[in-house]
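Read the structure below first, then the notes.
Every chain is numbered from 1 and lettered A, B, ... according to where its sequence line falls, protein lines coming before strand lines. What you see is a predicted model; the values in this text were computed from it and never measured.
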There are 2 protein chains.
Amino acid sequence: MSEDTKSPRRRIGGSGARMRDVAQRAGVSPMTVSRALNTPDRVSPEMRDRVERAVKEIGYLPNHLASSLSSNRSTTIGLIVPSIDNSIYTQTIKGLSDTIRRSGFQLMISECGYDPAEEEELIASLLTHRVSGLVLHNTAHTAQAEAMIRQSGAPVVENGNLPEKPVDMAVSYSNQAAAYAMTMHLGRLGYRKIAFASLAALNNDRSRSRIAGYLEALEALGQEPDPRLIIETGRGLAAGAEAVARIVQGVPEADALFCAGDVLAAGALFECQRRGWPVPGRIAIASFDDVELLRHVTPAVTTLRLPRYDIGERSAQMLLSRIIDGADHLRGSVVDLKFEIIQRESA
Amino acid sequence: MSEDTKSPRRRIGGSGARMRDVAQRAGVSPMTVSRALNTPDRVSPEMRDRVERAVKEIGYLPNHLASSLSSNRSTTIGLIVPSIDNSIYTQTIKGLSDTIRRSGFQLMISECGYDPAEEEELIASLLTHRVSGLVLHNTAHTAQAEAMIRQSGAPVVENGNLPEKPVDMAVSYSNQAAAYAMTMHLGRLGYRKIAFASLAALNNDRSRSRIAGYLEALEALGQEPDPRLIIETGRGLAAGAEAVARIVQGVPEADALFCAGDVLAAGALFECQRRGWPVPGRIAIASFDDVELLRHVTPAVTTLRLPRYDIGERSAQMLLSRIIDGADHLRGSVVDLKFEIIQRESA
DNA sequence: GCAAAGCTTGTTAGCGCTACCTTGAGCGGC
DNA sequence: GCCGCTCAAGGTAGCGCTAACAAGCTTTGC
């Protein structure tokens, strides 16, 4: 019994039991409770039982803030994506989430909206919360952001592209190689006027890489690049529809449209359906991301299968290796998870 | 100058500067630094400047673990959703994220996969991380989960449905009222054999509420409920396609299909397109969620606009009021954010 | 002119844990 | 029977920050 724990400071609203309460209940020292919970093989089985029973009886939930502060190790991973409500990131998030959860880690997710200054602010905030690792979708950062990362010593994985010189580690596919491969594929299928619809390249190195891959392929195919065939659009299905309209108006003889995004491709296809144009009869459509939607529309869309889930999973594995096993040899590694062309009906 | 801070314990890998380093640099006490950063109006402007300068000079990032531990207040909100890669949650997540970020909070997101036992485990984990508030999509929880929540004292918002008796607070629309409204709408449009495709009702009170609303409307319309018109399907576009097939095979005279989910509706529509069936000529289709996709397909789909973003935003506001302002009068409140029928071409 | 009140800064003692060191028991070897 | 060894448990001292109080100073009221 005894309630004589002197507490000259707050202990507000039902914040729950402390380790010392468990210790008292089990008749052992707090240190033994700590060991029983964190390194069970370093206490006798009998003690382990006693402690476990006491934990259950008083409904003890350990305080990770205190344990992280004391041990200088945390069990949270920070993630910054350009946009939370974009389907292409959710698969990667799921891969990350599934993997870190198995090691008892939690995910802190923030959204930077394609803005490096926002990203910098969020990195600061996450480091302030002492995340033990970071996942960034961007591969371009402010100098200040890189400095903070370096100073913090936290391992980092970059995800959106294969960077020349990663801040720390990177896991991705090559946007340039993927765009090159699909453009070549369209060329080999016989298309002679291949248009390219892309998101704005500003602040988006993925977009820039994709355009570069497209141009590289045109050259390899011996096709003259035509600025009227390259258009930048906004986001959303409406942007895809607009892309079709602009291309066909500017270059009526265009026979294929390669959309650098699943949503754009779907929007383009729907616009063709609306106009009653046969695809690929009037114009072929190819996409960049294999989302479920593109498999089920009519015609099913030729696209690239990108390893979105695997990127998350692998990123998590590498971070955990660094954090838990101190796998320093991973520093500097850039993992290319490749991609695959999925040939369907639309091209 | 001076490096004489006695440190009889670690201080490993570049973990960065501490508040006392800032204090030393600025020539003030650590307490003044704390006040300058957290309650700037309680220090003189001159001190504020000195401290701010010192912070910048040494690149100080406060340690939220320590500050939370000491103050017994944290700046993280926990969120548990059934599935991270489901588009209907991402809008709510965005609403939450946008709102809490303005108050400097971070979001910890986990996925429970429609399983209450998983949810319980995740609630424990988040409480262990001392989140200062919780957002749950489920409105049904294990007894153990509710006990932990109560013991922790953390404010909670439930999101997926309007519960009879919320654990704490709830923000949602009524699934039953929405399903009722759409079914009535279809009835008034003249459809006489309205089928209903739903996700599995097991462990999913949202699905159960929707079926209840559908049945209630049939009764109000004087239509006989027909078990062959109610089908449970899996997730994904393929499930929507399958729903059409099953309904039309079982009840060829069915003239409308109300899908309790945007993905199901899209799948159903694509299947009709594939079969060359006019919609709504052969069968009308209505959906539950107004996602961008349903606006852009042909025909555009009649659906319900649900306040997904607002739910996140409002949930965040209520949590923050409770956490920051101690707004105890919010305890027990259930906020109904309503919905809207969007009449388009498919029904 | 002096007490009461306000304002700014400093001092002390923890928040709930764990690193590190110590203690003491058990045990085999010669 | 004593030395060294291992192993389990405990004691102590922080991790980096802030609550609570105290101290020094200025302001205010009458």
Closest-nucleotide mapping onto DNA chain D: is A:M31 or A:D41 further toward the 5' terminus? I mean the 5' end. A:D41

For B:G332 and B:M169, the nearest pair of non-hydrogen atoms, with its separation, is N-CG, 4.3 Å

Just the rounded figure in Å: distance from C1' of C:dC15 to CG of A:L69. 9 Å

Return yes if a side-chain donor-acceptor contact under 3.5 Å exists between A:S29 and A:T32, otherwise no. yes

Side chain of A:R73: nearest nucleotide among C:dC17, D:dC17, C:dA19? C:dA19

So, is A:S44 close to the D:dA9 phosphate, meaning a side-chain N or O under 4.0 Å from OP1 or OP2? yes

Base C:dG10 to side chain B:R35, donor-acceptor N/O within 3.5 Å cut-off: yes

A:E119 versus A:H137, side-chain donor and acceptor atoms under 3.5 Å: no

Going by the side-chain hydrogen bond (donor to acceptor under 3.5 Å, both in side chains) test, which pairs reach into residues 46-57 of chain A, not counting sequence neighbours? A:R25-A:E57

In this structure, which one of A:V157, A:V81, A:I149, A:N159 forms a side-chain contact (heavy atoms from CB on, under 4.5 Å) with A:L136? A:I149

Residues B:D98 and B:R102 bridged, charged N to O under 4.0 Å: no

Would you call B:R150 and B:D168 a salt bridge, using N to O less than 4.0 angstrom? no

With a cut-off of less than 4.0 Å, is there a side-chain N or O of B:Y60 near OP1 or OP2 of D:dC17? yes

Would you call B:H141 and B:N138 a side-chain contact if the rule is heavy atoms closer than 4.5 Å? yes

Assign B:P30 to base, sugar-phosphate, or nothing according to its heavy-atom contacts below 4.0 angstrom with the strands shown. nothing

Classify the side chain of B:S70 and the base of D:dC17 as holding, or not holding, a donor-acceptor pair under 3.5 Å. yes

How close or far is atom P of D:dA19 from atom CZ of B:R42, stated in whole angstroms? 9 Å

Can you measure A:R130 atom CZ to D:dC17 atom P for me and round it to whole angstrom units? 7 Å

Given atom CG of B:L65 and atom C1' of C:dC15, what is their separation to the nearest angstrom? 13 Å

Compute the angle between the rotation axes at the two ends of the helix from C:dG1-D:dC30 to C:dC30-D:dG1, each taken over five pairs, rounded to 10 degrees. 30°

Length of the line joining A:M19:CE and C:dG16:C1', which is rounded to integer Å: 8 Å

pair A:S333-A:M318: side-chain heavy atoms closer than 4.5 Å: yes

Provide, to the nearest angstrom, the distance between the NE2 atom belonging to B:H64 and the P atom belonging to D:dC17. 11 Å

Under 4.0 Å, counting only non-hydrogen atoms across every strand here, what does A:R48 touch: a base, just sugar-phosphate, or nothing? nothing

What I want to check is whether an N or O donor and acceptor connect the side chain of A:S29 with the base of D:dG11 at under 3.5 Å. no

Nearest-Å distance, CZ (A:R20) to C1' (C:dT18)? 14 Å

Atom CG of B:N63 to atom C1' of D:dG14: distance rounded to whole Å? 14 Å

On the nucleotide D:dT18, are OP1 or OP2 found under 4.0 Å from the side-chain N or O atoms that B:N38 carries? yes

Which listed nucleotide (D:dA19, C:dC17, C:dT8) is nearest to the side chain of A:A66? C:dC17

Is it the case that the side chains of B:T128 and B:S125 hold a donor-acceptor pair, with the cut-off being a distance below 3.5 Å and no angle test? no

It should be established whether A:T32 places a side-chain nitrogen or oxygen under 4.0 Å from OP1 or OP2 of nucleotide D:dG10. yes

Under-3.5 Å N/O pairs linking protein and nucleotides 22-25 of chain D:
none

